[in-house]
Every structure is written in C-alpha cells, then in structure tokens.
Amino acid sequence: MLAEDSVLLREGLIGLLERCGHRVVAAVGDARALVSAVEEHTPDIVVTDVRMPPGFQDEGLHAAVRLRERRPALPVLVLSQYVQRTYAADLLDSGDGTGVGYLLKDRVGQVEEFVSALGRVADGGTVVDPEVVRQLLRRRRDPLEQLTPREREVLALVAEGRSNGAIAQELVVTEAAIGKHIGSILTKLDLPVTDRTHRRVLAVLAYLRS
C-alpha cells in the first residue's frame with residue numbers, strides 16, 4: 001500500500017516495487033484515502049509520505065499512527081523530505097513497537113538500500129535513516145561522550161536495523177569484534193542486552209529519543 005502525493009514519485013515507486021517482485025495493491029495521494037485503502041485491502045506493509053494534502057503538514061504520519069493503533073502489527077515505512085525528530089519518535093512509539101521505518105526520501109534513490117529496508121520492516125524489524133540517528137545523537141551529549149568513534153559508527157548501524165554480520169561487512173571487521181562493540185555500547189548506555197534484533201534497535205532508539 002503506497003501513499004504519496006507527488007504523482008511522479010508515486011508512479012516511480014510503483015514501478016520500482018513491482019520490478020522487485022512486490023505487488024502494490026493500492027496507491028493514493030492523501031491521508032484520508034490511505035486510511036480507507038488500508039481498511040479495504042489489508043496490505044502487508046504501508047509506505048507513506050509524511051506531508052500530504054490537504055495541509056501538507058504531517059497528515060501521512062498521523063494516518064500511519066492511527067492505522068497502527070487499530071492494527072498494532074501493521075508494518076509502516078514512512079518517507080520524509082526532512083529529519084523531524086518528533087515524527088520519528090511518534091512513529092516508533094506507535095503500534096506494538098515492531099515493523100516500523102523512517103527513511104529520508106533521498107534513500108529511495110539508493111534502490112538496494114530502500115528495498116532492503118522495506119523487507120526488514122515488513123518482517124517486523126525497525127529501520128531508521130542514518131541522518132535521523134545522527135541528529136538524535138547530537139541531542140544527547142552524556143553518556144554518549146563515553147562512546148569511541150567506532151562505537152558511534154556501530155550504534156548508527158544498529159539503529160538502522162543491521163545485523164551483526166551486516167555491520168561487520170560494512171565496517172570490514174569480524175563479527176566477533178562487532179559483538180564486543182555492541183556489548184560495550186549497551187553497557188555504557190545502560191541498555192538491556194537481548195538476542196532479538198528489533199528489541200535491541202528499539203532499546204537504542206528509546207535511549208536516543210529520551
């Protein structure tokens with residue numbers, strides 16, 4: 001299910017998703033139509049813009065949050081032109097805490113990353129754009145100052161929903177080294193250790209939002 005008021009971007013996303021093997025059951029241009037279409041089609045995942053008619057404020061986000069109140073497990077991937085800390089927090093706090101994503105629209109141009117993020121969110125994961133993570137990090141000075149530069153890199157990738165193996169590949173180190181970095185990060189930030197990736201991501205993001 002796709003909600004995007006820009007006709008060009010909407011049609012481009014439809015073509016991209018269908019080429020990647022997905023089926024777009026409906027594509028709409030405003031938040032009211034989004035809510036109605038989800039009720040009619042019960043999609044596997046919703047991809048929506050934040051700003052849509054009539055006010056071009058945060059209609060898409062509010063619609064997504066309302067939908068997840070009704071269907072807590074409904075996966076939602078929100079696309080935004082800008083980093084909005086409140087938008088990210090509202091989205092991540094919605095539903096049952098799983099299957100949410102917040103990406104900047106520039107990320108759509110990186111096809112593999114976008115399609116990968118879509119799949120992770122559909123599977124119940126949490127994906128947040130690295131720029132959103134960086135802005136959240138800048139709002140917290142202590143105890144994030146305790147983290148080494150490498151640990152900050154790892155933290156940003158964890159918040160994107162990456163697995164230890166994917167992070168190791170990105171940073172060209174061993175998976176064991178990443179495990180040690182993550183253990184150190186969780187200890188320094190006083191966060192719970194868990195085997196479930198999306199819970200680990202949510203724990204990190206909850207700290208960054210506070």
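Side chains of Arg32 and Ser36: a donor-acceptor N/O pair is absent below 3.5 angstrom, by distance only.
No option in Val7, Leu13, Asp5 other than Leu13 meets the side-chain contact (heavy atoms from CB on, under 4.5 Å) test with Leu9. Residue Val100 forms a side-chain contact (heavy atoms from CB on, under 4.5 Å) with just one option from Thr126, Val78, Leu74, and that option is Thr126.
Here the side chains of Leu17 and Arg23 are not in contact, with every heavy-atom distance at 4.5 Å or above. Using a 4.5 Å heavy-atom cutoff, the side chains of Leu2 and Ile14 are in contact. Side-chain contact between Val121 and Val76 is absent, with no heavy atoms from C-beta onward closer than 4.5 Å. His181 has its side chain out of reach of Val173: every pair of non-hydrogen atoms, C-beta onward, lies at least 4.5 Å apart. For the pair Ile45 and Met1, the minimum side-chain heavy-atom distance is 4.5 Å or more. Taking the side chain as every heavy atom from C-beta outward, Met52 and Val28 never approach each other to under 4.5 Å.
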Trace of the side chain to side chain contact (heavy atoms under 4.5 Å, CB included) decision for Phe114 with Leu79:
CA-CA 10 Å; Phe114 172 67; Leu79 302 177; 4.2 Å; yes
Carefully, step by step, assess Lys180 and Glu151 under the rule salt bridge (charged side-chain N to carboxylate O under 4.0 Å, His left out).
CA-CA 10 Å; Lys180 291 180 180 179; Glu151 287 171 348; over 6 Å; no
Please step through side chain to side chain contact (heavy atoms under 4.5 Å, CB included) for the pair Leu77 and Val46, ending with a clear verdict.
CA-CA 6 Å; Leu77 176 59; Val46 169; over 6 Å; no
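Taking the charged nitrogens against the carboxylate oxygens, Glu59 and Arg51 have no contact shorter than 4.0 Å, which rules out a salt bridge. Salt bridge Glu153/Arg150: present, at least one basic N to carboxylate O contact under 4.0 Å.
Of all heavy-atom pairs spanning Glu4 and Lys105, the tightest one is OE1-NZ, 3.2 Å. Considering every non-hydrogen atom in both His22 and Val115, the closest pair reads NE2-CG1, 4.5 Å. Of all heavy-atom pairs between Asp30 and Pro53, the closest is CB-O, 3.9 Å.
Within 6.0 Å of CD in Gln169 there are 12 or fewer heavy atoms belonging to other residues, nucleotides or ligands.
Taking NE2 from His62 and OG1 from Thr48, the interatomic distance works out to 12.0 Å, rounded to the nearest 0.5 Å.
Hydrophobic cluster membership differs between Phe56 and Val35, with clusters built from Ile, Leu, Val, Met, Phe, Trp and Tyr side chains linked at under 4.5 angstrom.
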